[in-house]
Trainee: 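My questions all concern the structure below.
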Amino acid sequence: MKFLANIPVLLLVALMCACHGSTPDSVAPKLVVEGWINSGGYPEVLLNMSIVPTENEGSVSESVIRWGVVTLSDGEREIILTGGPDNSFFPPYHYYSFDMKGEPGRTYTITASYKGLTATSAVTMPVPPHIDAIDVTPVEGIDTLRHITVRFKAPEDCPAYYHLTAKLHSNDGREYPCMLGTHEATVPCKEVSLPVYRGHGSATTGKYEADMPVGETVTVTLARVSREVFLFWRAYDNASLVDGSIFVGSPGSLPSNVEGGYGVWSAQGVATRTVTVE
Amino acid sequence: MTILAAVMLQGGHVFADTLPPVDVMLEELADTVSLGEVKVTAAPARRPRIASDGSISFTTYASGASPRAFGEADPLRFLSLLPGVTVASDYASGASVDGMNHSQSLYRLNGIPVHFPYHFGGIFSVFSPSLYRSARLHKSMKPASEGGTLGGIVSLASEIEPADTIGGELNAGMIASSASLAIPLSRHFSLSASGRASYIDALYASLLRSGSTEASYNLADCDLTANLRISGNDIMRATVHYNSDHVEYTDRSYSLTTALKWHNMAAGVEWNHSADSFESVNRAYYTRFHNLLGLHMEQISLRAPTGIDEAGAKGDFSILLPSSWHLDAGYYLRFYSVVPQWVTIGGLGQDVAHARSRLKSLEGAISGEISYDLPHRWRVACGIVLNTFAGTGGYQCFDPDPRLSLTHMFGQGSFTFHAGRYHQYLHQVGFSDIGMSSNFKIASTSGIHPQESFTFGMAGAMRPLDCLSLNIDLYYKTVENQPEYLGAVLDILNAGYRAEDYIFATKGYNFGGSVSARLEAGAFTAMASYAYCHARRRMPGEPAPFSASNELPHTATAWCSWSLSPRWNVSATFMLASGRPYTPVTAIYFIGERLMMEYGPRNSTRLPLYHRLDLGTSYRFATGGRFPLMHELNLSVVNAYGRENVEMSTFSVNTVTGIYSRRDISSLYRFLPSLSYTLSF
């Protein structure tokens, strides 16, 4: 009986010993890279700072990096990218250069630094794919929309990894990652058809339509990417799909091929087509 | 003259509990009227009973006397008020017992396992309260006859005796109505049936629509039981249950519709034999649970069905031996046919359909437990469960689980010490942290080993006053091979996807305990409890343990019911609990103009404190002459002071203002009134 009488006291002691903090450990902000160099194209990099949300709300303007240093090396030369405001992007600032053109087979190493922080990534550019056809077909029951499909053939050196981006000229300032726009080709020489669904950015307002409006001019880019880049965009797709859903638990952090930072750097072989949706 | 009066029997006293259907009071009748025929119905106790081994029994009478949600007096909802039982979220389906996962609890309906016993969001269970009137919960300490699970066992049961009169109940609630009927077809044979259907879409369609979202939901369940007395010692009982749910949630801004559709089907027959020194129950059953998760975005459609079909048999024997010996023995055999999550995708230009795999397994056990009454009011029970399992790919195992219990009785109380080993061969994992129906069952394989626990517990019970009972229990249990699923939705698209490849075995421990007090003083019944739980898990290869998803360190509940008069009853429940652990967002950033989140260590922080007050009142009256009817109107308010308990915390950004903000998603129940009418006869 004495033992029983002591149990509430023991529980109280355990209770006090077991109290947890309810706020997460704070982490230091990191550089965030979203950058690419296309085969035959020039490098473009969005460089931002991650936001550590210690308050319930804040401004995203604190994430914009205007005075960062972004260098790019192709193994022979190193260039420094120029930063400047650009309303085509959100946050509206980006780094670019016309001094280096993408060549398949070369390894491109990016280094970004700002306020003592450094992020680096190196990617070897795959051979660009070839788009066999772009099909524009009616969407059943909706006269104002068309469904776009990209057809291409998987290469002999499978597995090969692909990522789709698209730009609607009347609306978009840049190409956005397409919704469900990743593909892993595992069977050599097999014909692949990929639907082109509009990306859905946080800036998108109003009703989201995955298909393309009639009369729109659409640029579609099919990029062959490295496996690491593919895994990033696959996880990005997954996070976009289930974000905020009560049905599905947290998708977890995105993988990254950027050492010392978040995001993705891609040197990619690309094929681009522009179509008018009729 | 026939008078129908419901009375409550307690300690040799008889209390009038409802009015007779005549315009006079029972007390007056007792002295002044000579009664030719009186029918007395004994209502079960309004408070839960806690046995010396810590198991808790209650009836739907107790849950009916509590505040109701949507007009439903649900037994599993009442379960969350019991010490050691927690529900981590208002959206959650399932309850955690002593800090274990939802999937580590076993639910039985007349002895038949029901694999997902909840309608959506844990609003209420699939169990008809008018048909399945008694419930029992075994927590961490279980006798040898109970195996196959590491957590709790919740058993719902209907009447075993054939009904001797026609009885029924009609309940009309805010989102669903139900009806039940018991009919004696002969002196020894009766049929009982119940059904429930919702009209949420019809009545609340506008409430389920917001700016860019739209939801629809419907549920239905039905039950049929048949009771046949074969002889003075033998009764057969057959049970059939079916329920189905369909929920759709559309976010127009994403053109995304998420749909969940599930059903349980259970059928079984049991034979109860009862003699002076021997009792046995043998049953055979079939049960299935199938779920379909669908994601539809314009032309793209992803369908991820899962399912389990189970056929089994279970027998329990209780033999009273001479000289203070008692023997309990049992067996069970469970055959599983499981379809783990697989997927078909349309709209990607070329349809994708991964091969569906069906994993078949057989689980069996025989058990024996012998108990002996020692001198000085001690009792020792020693038992063993011999488990065998044969799974896919030739995987086999044999696991003996010894159990030992020691009970000491004193004056008005007892305590029991228990040590035992437990195994669980059927697991449930998936995308949802809160145990939604989309989480899929999967049996043990060579890659997913059986879950195992060594459990040590103590339960104490005291009755210092006739009207007051006190209980305490403590437990410590190790947990091995608890599966965690780390796959994402689109991983299913990967070539060669196998669910087993995304399941990782964690290990850890739980310890904690609870204290509870129950008071029943005349018309006033109350229960208060406090529970402490510490549950840690560790991923393979990771040095740091993390909080188990259902670890709520502190929970306190209080429940009271007061019969102001034979007609009026008021009740209240209050729940206070630590916030649920979750994985925090430690950084946000933009990629492709979408807000992406970086997460911290798993379950390393907690949601804010959860608390909620529910209030209820009911008014009962009787009408009718030759065919008396009992009426009850119930008004309840869930979350009476409108606490916005946070269920999920995330971030969003307004790209016009450039302001990001934390977005807390609150629970379903914010000042939720409900009204129901029950007619019974």
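These numbers come from the heavy atoms of this one structure, side chains and all, not from hydrogens, waters or symmetry mates. Proteins get letters first, then strands, A, B, ... in listed order; numbering begins at 1 in each.
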Trainee: Looking at side-chain heavy atoms only, is the closest gap between Tyr589(B) and Leu254(A) below 4.5 Å?
Mentor: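 Result yes, sub-4.5 Å side-chain heavy-atom pair found.
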
Trainee: As an exercise: rank Thr165(A), Val60(A), Val150(A), Asn48(A) by heavy-atom pairs under 4.5 Å with chain B and give me the winner.
Mentor: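 The residue among Thr165(A), Val60(A), Val150(A), Asn48(A) with the greatest pair count is Val60(A).
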
Trainee: Measure Arg151(A) against the heavy atoms of chain B and call it side chain, backbone, both or neither at under 4.5 Å.
Mentor: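 Nothing of Arg151(A), per the 4.5 Å heavy-atom cut-off to chain B.
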
Trainee: Would you name the heavy atoms of Ile591(B) and Val32(A) that are closest together and state the gap between them?
Mentor: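 So the minimum-distance heavy-atom pair works out to CD1-CG1, 4.0 Å.
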
Trainee: Pick one of side chain, backbone, both or neither for Leu46(A), based on which atoms fall under 4.5 Å of a heavy atom in chain B.
Mentor: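 Neither part; nothing is under 4.5 Å.
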
Trainee: With only heavy atoms counted, which part of Val33(A) is less than 4.5 Å from chain B, the side chain, the backbone, both or neither?
Mentor: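 Only the backbone of Val33(A) comes within 4.5 Å of chain B.
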
Trainee: How long is the straight-line distance from CG of Leu595(B) back to OG of Ser240(A), given to the nearest 0.5 Å?
Mentor: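 Here the rounded value is 10.5 Å.
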
Trainee: Could you grab the distance from atom CE of Met596(B) to atom OG of Ser256(A), nearest 0.5 Å is fine?
Mentor: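 It comes to 13.0 Å.
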
Trainee: May I ask you to name which of Ser50(A), Gly58(A), Ser59(A), Ser61(A) has the most heavy-atom pairs under 4.5 Å with chain B?
Mentor: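 Sorted descending by pairs with chain B, the first entry is Gly58(A).
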
Trainee: Any idea which heavy atoms bring Tyr599(B) and Gly252(A) closest together, and the distance?
Mentor: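 Residues Tyr599(B) and Gly252(A), closest heavy atoms: CD1-C, 3.4 Å.
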
Trainee: Specify which of Leu486(B), Ile588(B), Leu470(B) makes the most heavy-atom pairs with chain A at under 4.5 Å.
Mentor: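 The residue among Leu486(B), Ile588(B), Leu470(B) with the greatest pair count is Ile588(B).
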
Trainee: Are the side chains of Arg174(A) and Glu593(B) in touch, meaning some heavy atoms are under 4.5 Å apart?
Mentor: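 Side chain of Arg174(A) against side chain of Glu593(B), heavy atoms only: contact under 4.5 Å found.
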
Trainee: Looking only at side chains, do Glu57(A) and Tyr660(B) share a donor and an acceptor under 3.5 Å apart?
Mentor: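 Distance-only check fails for Glu57(A) and Tyr660(B).
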
